[in-house]
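Note that these values count all heavy atoms, side chains included, but never hydrogens, waters or copies made by symmetry.
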There are 2 protein chains.
Amino acid sequence: MITLSEENYLKAIFLLSLNTNEKVSTNIIAAEIGTSAASVSDMLKKLQEKKLVEYEKYKGAYLTKKGRALASSVVRKHRLWETFLVNKLNFDWGEVHDVAEQLEHIKSEKLVDRLDSFLKYPSFDPHGEPIPTKNGEIPDTNTVPLNKLKTGTAGKVMGVTIDEKYFLDYLTKLNISIGTEIKLLEKISFDQSLNIKIETTNQHISHEVAKHLLIKMI
Amino acid sequence: MITLSEENYLKAIFLLSLNTNEKVSTNIIAAEIGTSAASVSDMLKKLQEKKLVEYEKYKGAYLTKKGRALASSVVRKHRLWETFLVNKLNFDWGEVHDVAEQLEHIKSEKLVDRLDSFLKYPSFDPHGEPIPTKNGEIPDTNTVPLNKLKTGTAGKVMGVTIDEKYFLDYLTKLNISIGTEIKLLEKISFDQSLNIKIETTNQHISHEVAKHLLIKMI
DNA sequence: TTAAATTTTTAGACATGTCTAAATTTATAT
DNA sequence: ATATAAATTTAGACATGTCTAAAAATTTAA
């Protein structure tokens, strides 16, 4: 039996090594989960015991096939529930995270399957994040972070890479949501902030914001 | 903060003292929850500390106003989720209990409100059990258990009082569901079993089954 | 009304997941 | 190359919720 805590650790490692597939360090996991490095050490030992991670002392850990499948299923559930909350219960995209953090741990394969069907098999959640399939595949986004766009080019917002109320509320205030058209006008080299055109109006945003906006070129 | 375990104890006491409002004994609670009397003793002390129950050693416990409100909210969530699973995700009425046992602990007032609205404010769940309102009121059923019906009278099934797969599957096999018309033909005094007419066909059922079927006379 | 049976509580143990402080290992910089 | 800094693990503690076995209180029945 896998516990709620274990699921949270697996999910953290999964999300931290999405692109890299490299070992993830104790401290990074601790920061992601919001706990101490000591607790992470303890837990990595337990997950190693259960063959959910490969863990080498002082070197970090990565997911086994079994661990990756479990983590992927938790992320899948999280994003399906977020989609449900926004599409069916009219939640705002900024207020679904905490509830989905709870719902992602509900254990019922049938529930997930039915929810998926009820939502018409979505590939992306309300933040544009890909929803892993039942087999653990991750839909391709074909996007780049806004700060990597070439000056002068335009694209559509396809997603965001963090799911925090204050960030999402700020985007809403800027009139940015999934599908919004953005043109990169100028990069300020001093602080890497950006002048951009959102639909028809000009705005200035920080590097910190830009790097969490996923753009598909048009 | 209230824990999942505490919620389960409050719910158990709530359901065991629905009509009576009397003190509930340690052993009865232990049986309901499926744990030992020792564990119940321990927990009652904690709930007493938190002013969720009034507990007198060796005498049992009953809910305080605060405890009753919390318990009622858990039962409300359980029954709303069961309604969601059956009405929206096409679950069978016999397979929703275990999932609802998990979902009832999700903490989000907004989620419950939105779910209630999404389901069009139901008063009864798929088993005919009343769904407590937000204020903790319990919709009236005006029903009697089938075994208390007078021989020769007829009524409609309005609900069942246990939520177990084997019982519900058996009812389905007997062609009994919410709304089914039943006439009591004969009580066998030896074992209190009943001969009944279900819609148009005659059947024989045990006292054990009859007492869990809620009938409204027509 | 007193002995026996039942119920309930207490005592002590264990597993889980967390923490802080100290010890150890690894990385960095002179 | 070695001292220092940073990262990581270990040791020991604590809270929660559970258990079994033994003790205490209550109920039942002769």
Does the pair A:Asp113/A:Lys134 count as a salt bridge with the N-to-O cut at 4.0 Å?
yes
Toward the 5' end of DNA chain C, which comes first, A:Asp42 or B:Val40, by nearest nucleotide?
B:Val40
According to a strict under-4.0 Å criterion, is A:Thr26 in side-chain N/O contact with OP1 or OP2 of D:dT9?
yes
Between A:Glu82 and A:His127, do the side chains contain an N or O donor and an N or O acceptor separated by less than 3.5 Å?
yes
Residue-level proximity of residues 43-61 of chain A to DNA chain C when a heavy atom falls under 4.0 Å
A:Lys46, A:Tyr58
Where does the chain A footprint on DNA chain C start and end, counting 5' to 3' with a 4.0 Å heavy-atom cut-off?
C:dG17 to C:dT26
Which is it for A:Glu7 and A:Lys107 under the salt bridge (charged side-chain N to carboxylate O under 4.0 Å, His left out) test, yes or no, and what are the steps along the way?
CA-CA 11 Å; A:Glu7 286 193 346; A:Lys107 282 165 186 52; 3.2 Å; yes
Is the shortest side-chain N to carboxylate O distance from B:Arg76 to B:Asp116 below 4.0 Å?
yes
Pick base, sugar-phosphate or nothing for B:Ser5, based on heavy-atom distances below 4.0 Å to the nucleic acid.
sugar-phosphate
Test B:Ser193 against every option in B:His204, B:Lys187, B:Glu186, B:His207 by the side chain to side chain donor-acceptor pair (under 3.5 Å) rule and name the one that passes.
B:His204
Regarding A:Ser36, tell me which of base, sugar-phosphate or nothing describes its non-hydrogen contacts under 4.0 Å with the strands shown.
base
Under 30°, 30 to 60°, or over 60°: which ring-plane class applies to B:Trp81 and A:Trp81, parallel, tilted or perpendicular?
perpendicular
Identified side-chain contact (heavy atoms from CB on, under 4.5 Å) partner of B:Leu85 from the options B:Val96, B:Asp125, B:Asp92:
B:Val96
Salt bridge check: are A:Glu101 and A:Lys11 linked by an N-O gap of less than 4.0 Å?
yes
